[in-house]
**Q** 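Pasting a structure here, questions to come.
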Amino acid sequence: MNRVQSTGLFQRFFNSEKAGGLILIICTAISLIVANSSMGNDFVHFWHTPVFLQLGNISIPFRIEEWINDGLMTIFFLMVGLEIERELYIGELSSAKNAILPILAAVGGMTVPALIHFVFNHGKPEQAGIGIPMATDIAFSLGVLSLIGKRIPISLKIFLTALAIIDDLGAIIIIAIFYTKSFSFYFLGLALGLLLILIVLNRRNIYSLWAYLPAGILLWYFLYRSGIHPTLSGVLLAFTIPFRKNMEKQPSYVLQHALHTPVNFFIIPLFALANTAIHLPAGWKEEVLNSNSLGISFGLLLGKPLGIVGFSMLGTALGIAKLPREISIKKLIGMGLLAGIGFTMSIFISNLAFSSDPDLIQSSKVAVLIASILSAILGWGILKSDMRQPDMKAIL
């Protein structure tokens, strides 16, 4: 696949993501409005309706919300995994020189928010939420970026996309390490054995998706029974599906292309409807001022841009990274704020971090929403104002 094809693939990815991001914004607004209307109780309880699956000895006692968060979101993680794989082979992360800047920015964008949350919640039960402000929502951030118009440089779009993908990878690792309560060695062994078989199929140049997708379902079940969050099976499966640089109609590309529409226009909006169905109690304003909510809010709103800009500047000062010519410090700050839109991944981690405390889950979601909205508005405003200014380099 040549550079032109790679750029075309990215443009299709961005166009799909920005449309999905706009729908995500609409679904979030609808869910919040309905949840706090006269139909609120019925709407909230609908997502908690039990829908048990029983196939012989296999039993999965999920509610609708769990089928979305643990089932359908696996497909979202599969697409994220395929995007990471693509970036590693032919995208911004395929070259060490190009990859180092978004990697440094992502590390800063995860570390500083985590430290801020830790400062607010050290030694408290709420410390479990340290991973909540570390993530960036790809669809939402690119959706807001698309509202600015066509003058946004392609290097900024690619930088934000690569950063968000690395962020998602970091969030996935955090889920695997810190949010697994207990596990079964037996089912974990079955999952690892199946994963090894899929890797062998990849190395043997077995390209049929039908050799991988059914096995992916089985991998999901083994991880679910092992105690490890089953959505990780999506990322693991993605890295076993063959990707060859010079191959026409390769399986990884075909599957990634096929997943964009259902993920961006069905799964993510459905996730938004289910997880932002938050009925705000009378004292919700006090809840957003507790230590956990403040750690989340300041982590996303301040920690993200501080970490991204700070680590990027450190990398350029040390000479190990180079900021693209089209990206000014002001654009970098604006993009850092957009990266503070945690939404999907942050809400997802909230559910895992406080699974036994519904009140903390709710207050965490409210904090994520408030911080994400403020980050979106401020990031959009800074980038929009920067776009209005004449390019002095072009004038000179």
**Q** Do Gln127 side-chain atoms and Gly123 backbone N/O form a donor-acceptor pair below 3.5 Å?
**A**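 Yes: the side chain of Gln127 pairs with the backbone of Gly123.
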
**Q** Tell me if a side-chain donor or acceptor on Lys304 pairs with a main-chain N or O of Gly336 at a distance below 3.5 Å.
**A** no

**Q** Do Ser141 and Leu160 touch side chain to side chain, with heavy atoms closer than 4.5 Å?
**A**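 They are in contact (side-chain heavy atoms under 4.5 Å apart), so the answer is yes.
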
**Q** Between the side chain of Thr111 and the main-chain N/O of Gly108, is any donor-acceptor distance below 3.5 Å?
**A** no

**Q** Linking I/L/V/M/F/W/Y whenever any side-chain heavy atoms sit under 4.5 Å apart, do Leu195 and Phe185 land together?
**A**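 Yes.
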
**Q** If you measure from CD1 on Ile228 to OG1 on Thr231, what distance do you get to the nearest 0.5 Å?
**A**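 Going from the CD1 atom of Ile228 to the OG1 atom of Thr231 covers 11.0 Å.
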
**Q** Do you reckon Ile64 sits in the same ILVMFWY cluster as Trp220, going by side-chain contacts under 4.5 Å, direct or chained?
**A** yes

**Q** Do Leu314 and Leu318 touch side chain to side chain, with heavy atoms closer than 4.5 Å?
**A** yes

**Q** Atom NE2 of His260 and atom CZ of Phe265: how far apart are they, to the nearest 0.5 Å?
**A**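 Going from NE2 on His260 over to CZ on Phe265, the span is 10.5 Å.
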
**Q** Does the side chain of Ile377 reach to within under 4.5 Å of the side chain of Ile373, using non-hydrogen atoms?
**A** yes

**Q** Regarding Ser291 and Asn121, is there a side-chain donor-to-acceptor distance under 3.5 Å anywhere?
**A** yes

**Q** Roughly how far apart are Ser372 OG and Asp137 CG, rounded to 0.5 Å?
**A**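 If I round to the nearest 0.5 Å, the distance is 7.5 Å.
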
**Q** Do the side chain of Ser293 and the main chain of Leu289 share a donor and acceptor less than 3.5 angstrom apart?
**A**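 No; zero donor-acceptor contacts below 3.5 Å.
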
**Q** How about Asp357: does its CG atom have over 12 heavy atoms from other parts shown lying under 6.0 Å from it?
**A** yes

**Q** Where is the tightest heavy-atom contact between Thr276 and Leu32, given as atom of each residue plus distance?
**A** O-CD2, 3.4 Å

**Q** For residues Ile68 and Ala274, report the shortest heavy-atom separation together with the two atoms involved.
**A** CD1-CB, 3.8 Å

**Q** So which heavy atom on Ile361 is nearest to which on Ser355, and how close?
**A** CD1-CA, 4.1 Å

**Q** Kindly say whether Ile132 contributes a backbone atom to a donor-acceptor pair with the side chain of Ser346 at under 3.5 angstrom?
**A**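 Judged by distance alone, yes, a pair lies under 3.5 Å.
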
**Q** Identify the heavy atoms of Ser252 and Glu85 that sit nearest to each other, and give their distance.
**A**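 Shortest heavy-atom contact: OG-OE1, 2.8 Å.
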
**Q** Roughly how far, to the nearest 0.5 Å, is CG of Asn292 from CD1 of Ile130?
**A** 11.0 Å

**Q** Do Leu301 and Leu378 come close enough that some side-chain heavy atom pair is under 4.5 Å?
**A** yes

**Q** In terms of hydrophobic clustering (I, L, V, M, F, W, Y; side-chain heavy atoms under 4.5 Å; direct or indirect links), are Phe266 and Met79 co-clustered?
**A** yes

**Q** Under the ring pair (Phe, Tyr, Trp, His ring centres under 6.0 Å) test, which residues partner Phe62, sequence neighbours left out?
**A** Trp67, Tyr224

**Q** Donor-acceptor pair, distance only, cut-off 3.5 Å: does the side chain of Tyr212 make one with the backbone of Ile206?
**A** yes

**Q** Hey, could you give me the CD1/CG distance between Ile199 and Leu194, rounded to the nearest 0.5 Å?
**A**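 Between Ile199 CD1 and Leu194 CG, I get 10.0 Å after rounding to 0.5 Å.
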
**Q** Would you call Phe76 and Met345 a side-chain contact if the rule is heavy atoms closer than 4.5 Å?
**A** yes

**Q** Evaluate the criterion side chain to side chain contact (heavy atoms under 4.5 Å, CB included) for residue pair Leu237 and Ile241; output intermediate values, then yes/no.
**A** CA-CA 7 Å; Leu237 177 63; Ile241 294 174; 4.2 Å; yes

**Q** Could you tell me which non-hydrogen atom of Ser312 sits nearest to which non-hydrogen atom of Phe159, and how far apart they are?
**A** OG-CZ, 4.3 Å

**Q** Checking Arg86 against Phe243 for the side chain to side chain contact (heavy atoms under 4.5 Å, CB included) test, could you report, in this order, the C-alpha distance in whole Å, the side-chain angles of both residues, the deciding distance, and whether it holds?
**A** CA-CA 8 Å; Arg86 182 203 69 205; Phe243 189 106; 4.2 Å; yes

**Q** Examine Phe52 and Ile217 and state if one hydrophobic cluster contains both, with Ile, Leu, Val, Met, Phe, Trp and Tyr joined whenever side-chain heavy atoms are less than 4.5 Å apart.
**A** no

**Q** With the side chain counted from C-beta on, respond yes when Glu65 and Asn275 share a heavy-atom pair under 4.5 Å apart, and no when they do not.
**A**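 Contact flag for Glu65/Asn275 side chains = yes.
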
**Q** Could you measure the distance from the CG atom of Leu300 to the OG1 atom of Thr136? Nearest 0.5 Å is fine.
**A**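 Here the interatomic distance stands at 8.0 Å.
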
**Q** Should Phe298 and Ile370 be counted in the same cluster of Ile, Leu, Val, Met, Phe, Trp and Tyr side chains packed under 4.5 Å apart?
**A** yes

**Q** List the steps and the verdict of side chain to side chain contact (heavy atoms under 4.5 Å, CB included) for Ile267 and Met73.
**A** CA-CA 7 Å; Ile267 293 175; Met73 285 297 285; 4.3 Å; yes

**Q** Measure the shortest side-chain to side-chain distance between Pro251 and Val254 over non-hydrogen atoms and say whether it is less than 4.5 angstrom.
**A**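 A side-chain contact is absent here, since even the closest heavy-atom pair is not under 4.5 Å.
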
**Q** Are any side-chain N or O atoms of Ser31 and backbone N or O atoms of Ala277, one a donor and one an acceptor, separated by less than 3.5 Å?
**A**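 It does hold such a pair.
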
**Q** Is it the case that atom NE2 in His122 sees more than 12 heavy atoms from other parts of the structure closer than 6.0 Å?
**A**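 At most 12 heavy atoms, drawn from other residues, nucleotides or ligands, come within 6.0 Å of this atom.
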
**Q** Checking Ser375 side chain against Ile341 main chain: does a donor-acceptor pair fall under 3.5 Å?
**A** no

**Q** Is the backbone N or O of Pro230 less than 3.5 Å from a side-chain atom of Ser233, with the two atoms forming a donor-acceptor pair by type?
**A**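 Checking the backbone N and O of Pro230 against the side chain of Ser233, a donor-acceptor pair under 3.5 Å is found.
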
**Q** Start with the C-alpha gap between Leu163 and Met335, add the side-chain angles, then the distance that decides, and say whether side chain to side chain contact (heavy atoms under 4.5 Å, CB included) holds.
**A** CA-CA 10 Å; Leu163 183 154; Met335 192 197 64; 4.1 Å; yes

**Q** Check this for me, if you would: do Arg63 and Glu66 make a salt bridge, where the nitrogen-to-carboxylate-oxygen distance has to be below 4.0 angstrom?
**A**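 Salt bridge present between Arg63 and Glu66.
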
**Q** Answer whether the closest heavy-atom distance between the side chains of Phe187 and Leu223 falls below 4.5 Å.
**A**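 Side-chain contact under 4.5 Å: no.
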
**Q** Would the Phe77 and Phe348 ring centres measure less than 6.0 Å apart?
**A**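 Yes; Phe348 has its ring centre under 6.0 Å from that of Phe77.
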
**Q** Closest heavy-atom contact between Glu126 and His117?
**A** O-CE1, 3.2 Å

